[in-house]
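Remarks on the structure that follows.
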Amino acid sequence: MSKIKKITCIGAGYVGGPTMSVIAQKNPDIDITVVDLNQARIAAWNDENLENLPVYEPGLDAVVREARGRNLFFSTDVNKAIAEADMIFISVNTPTKTYGKGKGQAADLKYIELCARQIAEVATSDKIVVEKSTLPVRTAEALKSILDHTGNGVNFHILSNPEFLAEGTAITDLHNPDRVLIGGESAEAIEALVQVYEAWVPRERILTTNLWSSELSKLVANAFLAQRVSSINAISELCEVTGANVEEVSKAIGQDSRIGSKFLKASVGFGGSCFQKDILNLVYIARSYNLREVADYWEQVILLNDHQKTRFAEKIIQTMYNTVNGKHVGFLGWAFKKDTNDTRESAAIYVADHLLAEEANVVVYDPKVTAEQIYKDLDYLGTRSPEDNRRLVRVVNDPYEALSGAHAAAVLTEWDEFKTYDWTRIKEDMKRPSFVFDGRKLLNRLELETLGFAYYAIGE
Ligand code: NAD
Ligand code: UDX
């Protein structure tokens with residue numbers, strides 16, 4: 001197989017955009033076109049002003065500045081890009097199904113299937129089709145069947161190349177990955193993709209496996225990471241009743257090199273578009289093979305995470321004399337973690353929903369999330385009318401305004417800037433007693449208590 005010259009990526013989202021930008025940056029001799037049905041998203045990727053890129057990631061603007069217009073292009077002409085490419089990445093969304101069989105658990109593969117059908121219809125030359133989206137194990141089989149049965153006598157090779165980047169650190173993760181995983185059946189196709197990554201990733205970090213190991217490894221990696229967060233969050237509740245301190249426990253166990261120190265930070269609960277979706281999918285797959293104990297085991301990671309979000313909201317209510325009705329709770333943060341504008345499955349959404357059910361007045365400040373997105377997240381839950389969400393929730397652009405006159409401050413995201421605020425000024429502007437509920441263990445207890453705050457943190 002000759003060297004790849006043209007790559008197309010279907011899906012210009014949080015994965016497709018940054019991943020292709022870095023591949024283009026590191027392979028100036030390969031032309032890369034990222035396509036999407038969403039015109040507004042493509043327009044934003046093409047915006048002259050790099051502050052308007054649709055994805056906020058530290059360092060992404062510099063990579064786009066370097067490659068865009070040189071060998072990196074964003075377009076809505078999906079057919080043209082498919083027809084011209086030697087290699088096509090599918091990086092579309094694979095959300096949890098909201099209807100029919102597997103509702104609430106299985107991955108919805110309709111977008112993937114649409115891509116396969118479109119590739120089959122349009123292609124007139126041989127292609128390597130790369131699964132970049134996270135998919136249930138054995139999806140490649142279905143893709144191959146669609147491509148082979150509706151194609152025009154064209155040869156397709158399917159590879160699985162799951163993405164392991166984390167949001168907020170996507171560019172450093174892409175520049176310096178722990179590993180790149182490529183699963184496939186054709187040694188030639190695998191080698192063609194290896195060469196793309198070899199432009200900057202050392203060969204020993206590029207792992208090649210069979211298709212099914214690659215597909216399954218992605219789900220398992222996310223399940224293990226999420227499981228660590230749920231494990232330490234379970235211990236955080238035990239710390240709160242025993243007088244142990246979860247940070248000290250994390251440090252003590254994390255120094256054991258067999259356990260390791262990462263992903264042991266207790267929090268208000270994990271969010272993001274991946275962990276919950278991928279574990280639910282793993283649970284669904286295990287159930288579909290009648291592996292009940294396996295399914296129940298992994299499901300517990302989600303149940304504990306739901307418990308942690310509820311527990312945090314309950315703690316706020318209980319501490320504020322069992323009622324938050326009409327009380328002003330200032331939210332610091334809405335994104336599911338720092339350094340991203342992504343709010344999918346963010347714990348903040350569920351904590352807010354719980355407080356709003358008690359008729360609290362929530363005032364939100366997040367450095368990167370828009371008011372429009374915050375209302376959209378709340379409306380999507382369908383718990384109350386859009387009018388009620390707008391009556392009870394206010395979104396502001398200034399953190400001091402979010403907390404001025406507040407009965408309580410709640411830290412939902414670990415943005416660094418929250419640590420640098422003038423907490424003396426905040427204390428003066430808040431009602432007394434002035435509560436701080438720190439869902440990220442971000443702030444300094446001693447400093448806040450000295451200022452007169454009543455400070456509550458997860459796991460203490
Ligand atoms: P996203 O929703 O941000 O982007 C997906 C894009 O695909 C959307 O812009 C959508 O318009 C487009 N799309 C859908 N169907 C299309 C079609 N038929 N033709 C053209 N465009 C189409 O999703 P994402 O966060 O980038 O995730 C994509 C995949 O990568 C998912 O499977 C996800 O599980 C996986 N993943 C995500 C992350 C992450 O951090 N977000 C990390 C690793 C893996
Ligand atoms: C995750 C995986 O890390 C990444 O490899 C995969 O490709 C996509 O899913 P992401 O969801 O972007 O990445 O961010 P991650 O850093 O994993 O954080 C997920 C959630 O867990 C966040 O809400 C974060 O705040 C929370 N978390 C993480 C904790 O609460 N404690 C920790 O110790 C680590």
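Atoms considered below: every heavy atom in the structure, side chains included; atoms not considered: hydrogens, waters and symmetry mates. None of the values given here were measured: they were computed from a predicted structure.
Using a 4.5 Å heavy-atom cutoff, the side chains of I7 and T33 are not in contact. Proximity of N389 to R384: side-chain heavy atoms (C-beta onward) are separated by under 4.5 Å at one or more points. Within the 4.5 Å cutoff, the side chain of L332 has no heavy atoms near those of the R440 side chain.
Judged by distance alone, with hydrogens and angles left aside, the side-chain atoms of D366 form a donor-acceptor pair with the main-chain N or O of A335 at under 3.5 Å. Counting only distance, with no hydrogens or angles, the side chain of S213 and the backbone of T209 share no donor-acceptor pair below 3.5 Å. With hydrogens and angles ignored, the 3.5 Å screen pairs no side-chain donor or acceptor of S236 with any backbone N or O of G459. No side-chain donor-acceptor contact under 3.5 Å links T139 to the backbone of L135. For the pair S250 (side chain) and L264 (backbone), a donor-acceptor distance under 3.5 Å is present. Counting only distance, with no hydrogens or angles, the side chain of T19 and the backbone of G16 share no donor-acceptor pair below 3.5 Å. Judged by distance alone, with hydrogens and angles left aside, the side-chain atoms of H407 form a donor-acceptor pair with the main-chain N or O of H328 at under 3.5 Å. No side-chain donor-acceptor contact under 3.5 Å links D173 to the backbone of P177. Looking at S214, its side chain never comes within 3.5 Å of a backbone N or O of L211 through a donor-acceptor pair. In this structure a side-chain-to-backbone donor-acceptor pair under 3.5 Å is missing from W423 to L443.
In plain terms, the two heavy atoms of C115 and I10 that are nearest each other are SG-CG2, 3.7 Å. For the pair V55 and W45, the tightest heavy-atom approach, listed with the atom from each and the gap, is CG2-CZ2, 3.8 Å. Looking at every heavy atom in both residues, L355 comes nearest to A313 through CD2-O, 4.0 Å. The heavy-atom pair separating S267 from V229 by the smallest distance is OG-CG1, 4.2 Å. A295 approaches R287 most closely through the heavy-atom pair CB-CG, 3.5 Å. Considering every non-hydrogen atom in both N222 and C274, the closest pair reads ND2-CB, 3.6 Å.
Note that CD1 of I316 and NZ of K327 are 12.0 Å apart. Values are rounded to the nearest 0.5 Å. The CD atom of E237 sits 11.0 Å away from the OG1 atom of T242 when rounded to the nearest 0.5 Å. The distance from atom CG of L37 to atom CD1 of I42, rounded to the nearest 0.5 Å, is 9.0 Å. Taken from CD in Q227 to CD1 in I232, the straight-line distance is 12.0 Å, to the nearest 0.5 Å.
The side-chain hydrogen bond (donor to acceptor under 3.5 Å, both in side chains) test with W334 is passed by exactly one of T413, D377, N341: D377.
Partners of E345 according to the side chain to side chain donor-acceptor pair (under 3.5 Å) rule, which considers only residues two or more places apart in sequence or in another chain, are Y350. Applying the side-chain contact (heavy atoms from CB on, under 4.5 Å) criterion to S346, with sequence neighbours excluded, gives F336, A348, I349. Judged as a ring-ring contact (aromatic ring centres under 6.0 Å, His included), and not counting sequence neighbours, Y14 has no contacts. Among residues two or more places apart in sequence or in another chain, the side chain to side chain donor-acceptor pair (under 3.5 Å) test is passed with N49 by none.
Using cut-offs of 30° and 60° for the angle between ring planes, the F224 and W298 rings count as tilted. The aromatic rings of W415 and Y56 sit tilted, their planes meeting at an angle between 30° and 60°. Note on ring orientation: taking the six-membered ring where Trp is involved, the planes of Y421 and F418 are tilted (angle from 30° to 60°).
Under a cut-off of 6.0 angstrom, the local environment of CG in D178 is sparse, with at most 12 non-hydrogen atoms contributed by other residues, nucleotides or ligands.
Both tests do not hold together for R68 against F74: distance to the six-membered ring centre under 6.0 Å, angle to the ring axis within 45°.
The existence of a salt bridge linking R425 and E428 is excluded, since no basic side-chain nitrogen approaches an acidic carboxylate oxygen closer than 4.0 Å. With respect to E167 and R344, a salt bridge is recorded, a charged nitrogen being found less than 4.0 Å from a carboxylate O. Salt-bridge check for E57 with K368: failed, with every basic side-chain N at 4.0 Å or more from each acidic carboxylate O. Between R117 and E113 a salt bridge is recorded (basic side-chain N to carboxylate O distance below 4.0 Å). Checked for salt-bridge contact, E163 and K132 meet the test: a charged N lies under 4.0 Å from a carboxylate O. Under 4.0 Å is where a charged nitrogen must lie from a carboxylate oxygen, and between E215 and R138 no such pair does.
For the residue pair K427 / S434, a side-chain donor-acceptor distance below 3.5 Å is found, with atom types taken as modelled. Looking at Y455 and E447, their side chains never bring a donor and an acceptor atom within 3.5 Å of each other. A donor and an acceptor atom, one from each side chain of Y197 and N161, are located under 3.5 Å apart. A side-chain donor-acceptor contact under 3.5 Å links R205 and N176. Checking Y456 against D438 by side-chain atom types alone, no donor-acceptor pair falls below 3.5 Å.
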For the pair E414 and K337, evaluate salt bridge (Lys or Arg N to Asp or Glu O under 4.0 Å) and give the outcome as yes or no after the intermediate values. CA-CA 6 Å; E414 74 282 23; K337 62 185 284 197; over 6 Å; no
key: Verdict with reasoning, D278 to K218, per salt bridge (Lys or Arg N to Asp or Glu O under 4.0 Å)   = CA-CA 9 Å; D278 293 347; K218 175 63 202 179; 5.4 Å; no
List the atom pairs, with distances to 0.1 Å, where a side-chain N or O of residues 390-397 and a protein N or O form a donor-acceptor pair under 3.5 Å, not counting sequence neighbours.
residue, atom, partner, partner atom, Å
R390, NH1, D379, OD1, 3.3
R390, NH1, D379, OD2, 3.1
R390, NH1, P386, O, 2.8
R390, NH2, D379, OD2, 2.8
R391, NE, D388, OD1, 3.2
R391, NH2, D388, OD1, 3.3
R394, NH1, E401, OE2, 3.4

All N/O donor-acceptor pairs, side-chain side in residues 100-110, below 3.5 Å, sequence neighbours left out:
residue, atom, partner, partner atom, Å
D108, OD1, Y99, OH, 3.0
D108, OD1, K110, N, 3.2
D108, OD2, Y99, OH, 2.9

